[in-house]
Amino acid sequence: MAGRGVDMSALPKEVRDQLAELDLELSEGDITQKGYEKKKTKLLGISSSCLLPFSLSLSPSLSLVASDIHTETVQAALAKHKEEKMALPMPTKRRSTYVQSPVINCTPPDSSSGSENEGALLRQSSVGADLEALDTPSLLQPPSLQSPDSWINHSVQGSSTSSSASSTLSHGEGKPQPQPSQPQAQPQVEKCSGEIRQARVVCEIKTLCIGAGRVCVTVFVGLPTPHPPGVPINSRVSTKIQQLLNTLKRPKRPPLSEFFMDDQEEIVEVPQPDPNTPRPEGRQIIPVKGEPLGVVSNWPPALQAALVRWGATQGKSPALTALDITGKPLYTLTYGKLWSRSVKLAYTLLNKLGPKNEQVLKPGDRVALVYPNSDPGMFLVAFYGCLLAEVIPVPIEVPLSHKDAGSSQVGFLLGSCSVSLALTSEICLKGLPKMPTGEILQFKGWPRLKWVVTDSKYLTKPGKDWQPHIPTANTDPAYIEYKASKEGTVMGVAVSKVAMLTHCQALTQACNYCEGETLVNVLDFKKDMGLWHGVLTSVMNRIHTISVPYAVMKACPLSWVQRVHIHKGSVSSCDAFLNVFQIHGLKPEVICPCATSPEAMTVAIRRPGVPGTPIPARAILSMGGLSHGVIRVNAEDKNSALTVQDVGHVMPGALMCIVKPEGPPQLCKTDEIGEIVVNSRAGGNMYYGLPGVTKNTFEVRTHNHSIPPYVLQHILHLGSLIFVVGKNEGLLMVSGRRHNADDLVATALAVEPVKTVYRGRIAVFSVTVFYDERIVIVAEQRPDASEEDSFQWMSRVLQAIDSIHQVGLYCLALVPANTLPKTHLGGIHIFETKQNFLDGNLHPCNILMCPHTCVTNLPKPRQKQPVGVGPASIMVGNLVAGKRIAQAAGRDLGMIEDQDLVRKHQFLSEALQWRAQTDPDHCLYVLLNAKGLVVSTATCVQLHKRAEKIAAVLIEKGSINTGNNVVLLYPPGIDLIASFYGCLYAGCVPVTVRPPHPQNLAATLPTVRMIIDVSKAACILTTQNLMRTLRSKEAAATVNIKTWPTIIDTDDLPRRRPPMIYKPPTAEMIAYLDFSVSTTGMLTGVKISHAAVSALCRSIKLQCELYSSRQIAICLDPYCGLGFVLWCLASVYSGHQSILIPPLELESCLPLWLSTLSQYRIRDTFCSYSVMELCTKGIGTQTEILKARGLNLSCVRSCVVIAEERPRLALTMSFSKLFKDLGLSPRAVSTAFGSRVNLAICMQGTTGPDPSTVYVDMKSLRHDRVRLVERGAPQSLPLMESGKILPGVRVIIVNPETRGPLGDSHLGEIWINSPHSASGYYAIYGEESLQADHFNTKLSFGDPTTLWARTGYLGFVKRTELLDAAGDRHDALFVVGSLDETLELRGLRYHPIDIETSVSRAHRSIAESAVFTWTNLLVVVAELSGSEQDALDLVPLVTNVVLEEHHLIVGVVVIVDPGVIPINSRGEKQRMHLRDSFLADQLDPIYVAYNM
């Protein structure tokens, strides 16, 4: 963009480097075109100060907008101005972007200094004056640079008068001439200051950010040079500039908002605009006036005055007839009765509610009216009683239960209106839900209410002298009508007395009402048309209202038509109704549709016609056009056409226009769809108690008209007829197009709905997922519909909506009959349904998710570039100039001076013999059982003697040769340790194997068999019990038991000693084999030499300060990795006592481990994640009981979790918090890290700084980059350091593809150099190349001599501010995850644990989850801990969360029972086993959803 005219070679090196990195990101698909242009523009902006001599001329026709200028627009502008050679002024973000001056090298400040520092806020006048002062021509400034100054002057002067000029350049000013581009040297300040008399401040003006009426100019100032004579100095401005300069030198930490900018445009793929999109073409609309409101002499000055008049003069005249449930008249209320009862109520409200006749209510107070739909008479009396008492009635629905749909929102309405009193009838009060004490239930979210019964017998008749006060109608509120918004909030629209009266007059004129007519009302009389016609206008005109309750309508729909027939009343409906009843004499001209809203009341109504008038106007519109907000008549495609009828003309005395629904209210064009706004005295005044929302709705200004709006979309047609196409509440905005919920319902119902769903029970709404609205349809399924019918119907609905509305559905759910939340009149409560969907409380019985078709804004898949080491190495992150290599090291192991110690520590077998001689009775091991009792112990001499016996048996029975492999098959205990040393004494290589589970041989025995076969074991050492198991019939059903090697049981050993104890000739000989099944299902055995064993034990001894007088507790599986080392080897080497707690014992006694720590006052303990999770979930809530039992963990100094994975920060933190009450120090819990190639790389130890935590950006991690962010930033992932690097270990971070070292804080593979690395894999196929690759690898450049071992884990090193024991800055190693486990999706690298963390958070019933890929589809398996009816609730929530947080579409969601996901002894998920079980259909899932 701006860089096209820039010579790249003239740019500073760091800018060129950053541009190159940016180009690479674009080529790899890491960034969208828009994000790329934006960042590139910013970079060139930063460097443009270095490129003074390029010409910049502005054409007055170009306008500068303070936001992104799209590439297309720029190119079009450039094409237009080819002949004028020019460069565009660079657009900036709203935040000021400072540019470095070529004259003085200042640190660029953060974006906040402009707003925080007083010096940066230059007042408009000062800026203007200052810029004029700067605008004198000077040789120092190239002529081409004069134009921006003059342009800015014009802009500042122009914009100070009105904010509407904000983004345009001055039009009528003199046109700057394009300058001929001359080659010109960079101006030298030193030279010029000597030669030129008229020097001045060199200044580069960046850009104007003109907001609503406020101008902020960012001025960057260079070196102040002598001031030209004759130009007045504004000293105040000069000091401000000086202050600004000082601010720039002092870089400040950026404000947090800087981090939390939503980078949507860098993530989301913005679909290119379709050139065929219809656009409005008509002229601007002209507001339409209704006919003037006629002045009738006998209209009352207030509505109450009409009641007074009819009550006095026409007392016998019927006001209201209520029907009972069967449709027969129940009672008739006359105007005389209505008047007298209303007066009694008014008097009671004002004088008789408080004790001793204290006044409880004052005029202007709000009162709730709670009356059932079957009792219009009581409501009428209460409403007019309130009007006469001048209190404000707030009619609401009768609450039926504590869990009513929308109940808390009604509570919000009552709270915002400060309602403390509710009027109701005696029958209604008796029916309200009560507490056991007999009091009315406190409804959710409601304020405390006093309930007042308004039946006549409870009212007091006023004295002769008391009369209600009836003032002329004014602007005080008369009543408040409730209105539910799209978001579910219930607000109160306050209607003033004058608006109420004017509305009645307008309705009387429009509907041609006459005194004494009859009106049949089948609508709800508490709100909307039912209230306006049946309660207010009817009383003004002495009309007799027949009220047909909703219950009658449900039971007998014909009842109201029969009433109409008897009373000859007026009715309202539409075509279908006309078609049915035309044969019964219904005239077309009497049908009067209308448009209403709570805010503007009646907006338009079709006037009752005289016989023979033309039929109503119709329009057949294209739904495609409607979705783009334009009117297009549909002639061709009948399928996607919508037929609408007019709703008549504007109300008398009103002015109406149509404004654009988005953005500031601007008038629409004649063929454009917009929102109707109305200016009329007969409309609502405000949302009561909500001034902010009121301003946006009731005080809309367009074309200098202040118009209270009416929240509907519309079309305006010829002859000023109004057409309505939908309500804002039902509007769904998807990918910039508008769809109407009612139209989608109509389409869904047209697909043979009768068999599958109920007609009136469909909810359509949209949910926001991944930066766009997604359409969800929920319907109630008929009980007799089969699964097959349902899916048939759902898939056909998908197709129908796709072809007719050209929009994809995100989710279609069917729920059992009568389970959707209902409104009071029986409709579906859309907001509550949506809330249930999002909360996972919908409980569908069938669900179909289609994210693949409707999610079209996913970022483009990343294209990986081939990498090679070359000049571009700087970009692929091999080494960035000036950066530290990402490496770290533990402290030195140091040399052992004493020869005796060297001999003692070279081989563990010798160390045990030495301890047996020098300290025979020192207890090395204590084994506990589930009750916490000591089962067995081993002193140095006992262990030595038992090892000798085992060695003797091996040599005799096993006929073992030196170097043979021997499998040790033991439960966790001291036998295992003794057998290990027995093998060393006999010169064999021990292989520890987890014994098979007797209750689950089919699953566990094959692994045992596999290790025995792979290790080519010559013999198996085990117990009698296990020996029987290996030879049992059950075992024979799983493996071939006839081919076991020699099995020796070591329970009863003869007292024999071996002829000699074997001593290896060299320390490089193999000490033991360590076999483990990785999480990807790979069985790998590694060879550990004697040298590695002693180096590892020495390293742990130094790190954890272990010596003979120390005691540690171990709750780990002793079969592989660091768990085995701590269980079997470390005590013999260091002499400390190990208390052994087999993790299996915790299942029968959860507090065992913690009570052991407390009882023995242990300072250091080692456990696994599974142990920690057992304690957290099992006894985390019982801390009070444990405390009462005297459990105290204040003795624990370090609790280390042993693992080969990324630290589980959430688990360690919750463990620390839960057991803090038992005295556990939050600093005690830490983690260790090891891998197959090196069993122990990090361990927290006793000295050194606490483990540090950083937050990294997950989007960068997917691109194999590390970007540190602040805590709480969106898409941030907390990572904890994996403990301190062990002594003798060196770590380097390497690019796994190029094998070159990486810089600090770069993500790469962790490579290790250490004396205790494994010697290689023990593989039966002898894959030497693989072995050399993993264990003896060299860097491709940098330090090509050192040999490294590849861990197969991704991580990074970060130098922290903390100091280590030596006083140097501490380097922290952060492990991100295993390379083998990562999922490659859309060209990005995902770590399963991140997706699983999101999934587990999605719903309270998800106990555990695991993810894997299957033919490029992401499969999520979730364990359901709740009831099975929750199962289908999880499907949309899981899909949403993965799409939202990881930008991936889940292909398959599998819901299974708890415990199905296989987890190994280290607490790691076996995802590959799970995948195999899924593909073999062995999971027995509760539900499998294919999101196709």
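We're numbering straight along the sequence, starting at 1.
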Stepwise side chain to side chain contact (heavy atoms under 4.5 Å, CB included) test for V1229 and M1172: CA-CA 10 Å; V1229 182; M1172 194 170 261; 3.7 Å; yes

Enter the distance from [X]:[atom1] to [Y]:[atom2] here, rounded to the nearest 0.5 Å.
| X | Y | atom1 | atom2 | value |
| --- | --- | --- | --- | --- |
| Q1103 | I1285 | CD | CD1 | 9.5 Å |
| F1356 | L1279 | CZ | CG | 5.5 Å |
| Y771 | H1447 | OH | NE2 | 5.5 Å |
| Y810 | T1439 | OH | OG1 | 5.5 Å |
| L1388 | Y1390 | CG | OH | 4.5 Å |
| L1362 | H1370 | CG | NE2 | 6.5 Å |

Taking all atoms of both residues into account, what is the closest heavy-atom pair of [X] and [Y], and its distance?
| X | Y | answer |
| --- | --- | --- |
| I1293 | G1355 | CG2-O, 3.6 Å |
| A1318 | V1086 | CB-CB, 3.9 Å |
| I1449 | L1443 | CG1-CD1, 4.0 Å |
| S1400 | S1409 | OG-OG, 3.2 Å |
| I1406 | V1399 | CD1-O, 3.3 Å |
| L1302 | G1308 | CD1-CA, 3.6 Å |

Does the pair [X]/[Y] count as a salt bridge with the N-to-O cut at 4.0 Å?
| X | Y | result |
| --- | --- | --- |
| R1206 | D1394 | yes |
| R1299 | E1309 | no |
| K1469 | E1381 | no |

Just by distance, with hydrogens left out, do [X] and [Y] show a side-chain donor and acceptor under 3.5 Å apart?
| X | Y | answer |
| --- | --- | --- |
| H1334 | Y1321 | yes |
| T768 | E773 | yes |
| D1380 | T1382 | no |
| S1317 | N1238 | yes |

Taking [X] for its side chain and [Y] for its backbone only, find out whether a donor-acceptor pair lies under 3.5 Å.
| X | Y | value |
| --- | --- | --- |
| N1313 | L1347 | yes |
| D772 | S735 | yes |
| R1369 | T1360 | yes |
| E1444 | F770 | yes |

Would you mind reporting whether [Y] and [X] have side-chain heavy atoms less than 4.5 Å apart?
| X | Y | result |
| --- | --- | --- |
| L1354 | H1391 | yes |
| E1205 | V1375 | no |
| S1235 | I1241 | yes |
| Y1169 | L1211 | yes |
| L1418 | L1383 | yes |
| L1339 | T1346 | no |
| V1411 | V1421 | no |
| L1261 | V1376 | yes |

Verdict with supporting geometry, M1258 and H1446, side chain to side chain contact (heavy atoms under 4.5 Å, CB included): CA-CA 8 Å; M1258 280 168 73; H1446 304 279; 3.1 Å; yes

Residue pair E1468, R1208: steps toward the salt bridge (Lys or Arg N to Asp or Glu O under 4.0 Å) verdict: CA-CA 11 Å; E1468 299 164 340; R1208 298 188 201 172; over 6 Å; no

CA sep, side-chain torsions, deciding dist, call: D1264, R1389, salt bridge (Lys or Arg N to Asp or Glu O under 4.0 Å): CA-CA 7 Å; D1264 295 336; R1389 198 194 300 277; 2.8 Å; yes

CA sep, side-chain torsions, deciding dist, call: D1343, T1345, side chain to side chain donor-acceptor pair (under 3.5 Å): CA-CA 6 Å; D1343 169 16; T1345 52; 2.9 Å; yes

Flag if over 12 foreign heavy atoms under 6.0 Å of CZ, R1227: no

Neighbour count >12 (heavy atoms, 6.0 Å) for atom CE, M1472: yes

Residues that Q1470 engages under side-chain hydrogen bond (donor to acceptor under 3.5 Å, both in side chains), provided they are two or more places apart: none

Pair R1471-E1396, salt bridge (Lys or Arg N to Asp or Glu O under 4.0 Å): steps then yes or no: CA-CA 11 Å; R1471 298 183 184 92; E1396 288 157 3; 2.7 Å; yes

Pair W1348-I1312, side chain to side chain contact (heavy atoms under 4.5 Å, CB included): steps then yes or no: CA-CA 5 Å; W1348 300 89; I1312 302 296; 5.6 Å; no

Check against side chain to side chain contact (heavy atoms under 4.5 Å, CB included), K1358 and F1374: CA-CA 8 Å; K1358 179 181 183 292; F1374 294 91; 4.0 Å; yes

Summary of side chain to side chain donor-acceptor pair (under 3.5 Å) pairs that have at least one residue in residues 1282-1294, sequence neighbours excluded: Q1244-K1284, E1281-K1284

